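Read through the structure below, which is laid out as structure tokens, and then see the notes.
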Number of protein chains: 2
Amino acid sequence: MRIAEAALRCGLSVDTIRYYEKSGIVPEIRRGPDRQRRFSAENIEWLTLLFWLRGTGMPMKTMYRFASLYRAGDHTIPDRKQVLLAHAEHLKKRRSDLDRCEEVLARKLAIYKDHEG
Amino acid sequence: MRIAEAALRCGLSVDTIRYYEKSGIVPEIRRGPDRQRRFSAENIEWLTLLFWLRGTGMPMKTMYRFASLYRAGDHTIPDRKQVLLAHAEHLKKRRSDLDRCEEVLARKLAIYKDHEG
DNA sequence: TACCAAGCTGGAGCAACTTCAGGTCAAGGC
DNA sequence: GCCTTGACCTGAAGTTGCTCCAGCTTGGTA
């Protein structure tokens, strides 16, 4: 699979995929004889994970650490697990931020209540 | 109130407050005879709103629009209401992103299930 | 053979901060 | 009276994470 289709499947843009590869947070994207990228099912799996991690605020540094652990082999699985568990904790924080922001908006909107629009 | 206390109260950093003022998204911060900023209760209210809006992903452009509407007077209240309602919609989208990311993490973690850590 | 779409690289541009260098100003200590 | 300290100031440079662009290659079609 080429980069355009990969982008459609994982949710990232073509440019972002190239940028992520250059940044070393996507392991081993093969090249064809034409020097163009060919994406495997695992590549797509990985990129899709990155799509969700970045969309929920994981910094590239952390993604880089995750990718490095992956490259280091199976014995790093406990560490990788920790990275994902820490992010799951972070999601909780984000959720409570959403709750709090909703309250703030509701309060503001209540003040505007008598106005049309 | 000076900038250090204002930062503590609204959640933004001192630098971010200055940056926001310079960007024109905070209406009228008074200065003392020493040319330093003095924050009113309304300033804190406003900055606190900005804190929550940025923390949930509102772009500066939109904040700028909101501030401009505010400066233009009470007749813009319906428009301001629209900005906040649109952001409330955006929060829903964010929430479903969190849900989706939690699923993805759970799936990954399940694969790692037999490893300690 | 000429052209077109899709892909490539390196580099510039951008949003939203963050950090830094260098300076002012009021208050407290000697 | 002077010196130091700490909070604050400004303008500018640096950082992160993309996003866009110019100019080139390559494979397929007419």
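Heavy-atom basis, side chains included; hydrogens, waters and symmetry copies ignored. Quantities reported herein were computed from a predicted structural model and do not represent experimental measurements. To find a chain, count down the sequence lines: A is the first, B the second, and so on, and within it residues start at 1.
For the atom pair CG of L47(B) and CZ of R54(B), the computed distance is 11.0 Å after rounding to the nearest 0.5 Å.
A salt bridge links R18(B) to D15(B): at least one charged side-chain nitrogen sits closer than 4.0 Å to a carboxylate oxygen. With respect to E45(A) and K108(B), a salt bridge is recorded, a charged nitrogen being found less than 4.0 Å from a carboxylate O. Ion pairing between D99(A) and R95(A) fails under the 4.0 Å rule for side-chain N and carboxylate O.
One atom, NZ of K22(A), and another, C1' of dT16(D), lie 14 Å apart when rounded to the nearest Å. The CZ-P distance, from F51(B) to dC17(C), rounds to 11 Å in whole Å. The CZ-C1' distance, from R37(B) to dT24(C), rounds to 14 Å in whole Å. Whole-Å rounding puts the Q36(B) CD to dA27(C) C1' distance at 13 Å. The interatomic distance linking L8(B) (CG) with dA7(D) (P) rounds to 12 Å, in whole Å. Atom C1' of nucleotide dG17(D) and atom CG of L12(A) are separated by 12 Å, given to the nearest angstrom. Atoms CZ (R38(A)) and P (dT26(D)) sit 13 Å apart, rounded to a whole Å. Between I3(B) atom CD1 and dT24(C) atom C1' there is a gap of 15 Å when expressed in whole angstrom units.
With N43(B) contributing its side chain and S40(B) its backbone, the two residues share a donor-acceptor pair below 3.5 Å.
Taken residue by residue, residues 58-67 of chain A places heavy atoms nearer than 4.0 Å to DNA chain D at P59(A), M60(A).
No side-chain donor from either of T56(B) and H90(B) sits under 3.5 Å from a side-chain acceptor of the other.
Side-chain contact between T16(B) and L50(B): absent, with no pair of heavy atoms (C-beta onward) separated by less than 4.5 Å.
For the helix from dT1(C)-dA30(D) to dC30(C)-dG1(D), the end axes, each set by the C1' atoms of five terminal pairs, are bent relative to each other by 20° (nearest 10°).
Every residue two or more places apart in sequence or in another chain that forms a side-chain contact (heavy atoms from CB on, under 4.5 Å) with R2(B) is listed here: D34(B), Q36(B), R38(B). With sequence neighbours left out, the salt bridge (Lys or Arg N to Asp or Glu O under 4.0 Å) criterion links E42(A) to no other residue. Residues meeting the ring pair (Phe, Tyr, Trp, His ring centres under 6.0 Å) test with W52(B), sequence neighbours left out: none.
Neither OP1 nor OP2 of dG6(D) sits under 4.0 Å from any side-chain N or O of R2(B).
Between R31(A) and D34(B), the residue whose closest nucleotide on DNA chain C is further toward the 5' end is R31(A).
When the shell of 6.0 Å around CZ of R31(B) is examined, it contains more than 12 heavy atoms from other residues, nucleotides or ligands.
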Go along nucleotides 18-23 of chain C 5' to 3' and tag each nucleotide: B for a protein heavy atom under 4.0 Å from its base, S when only backbone or sugar atoms are that close, - otherwise.
-> SB----

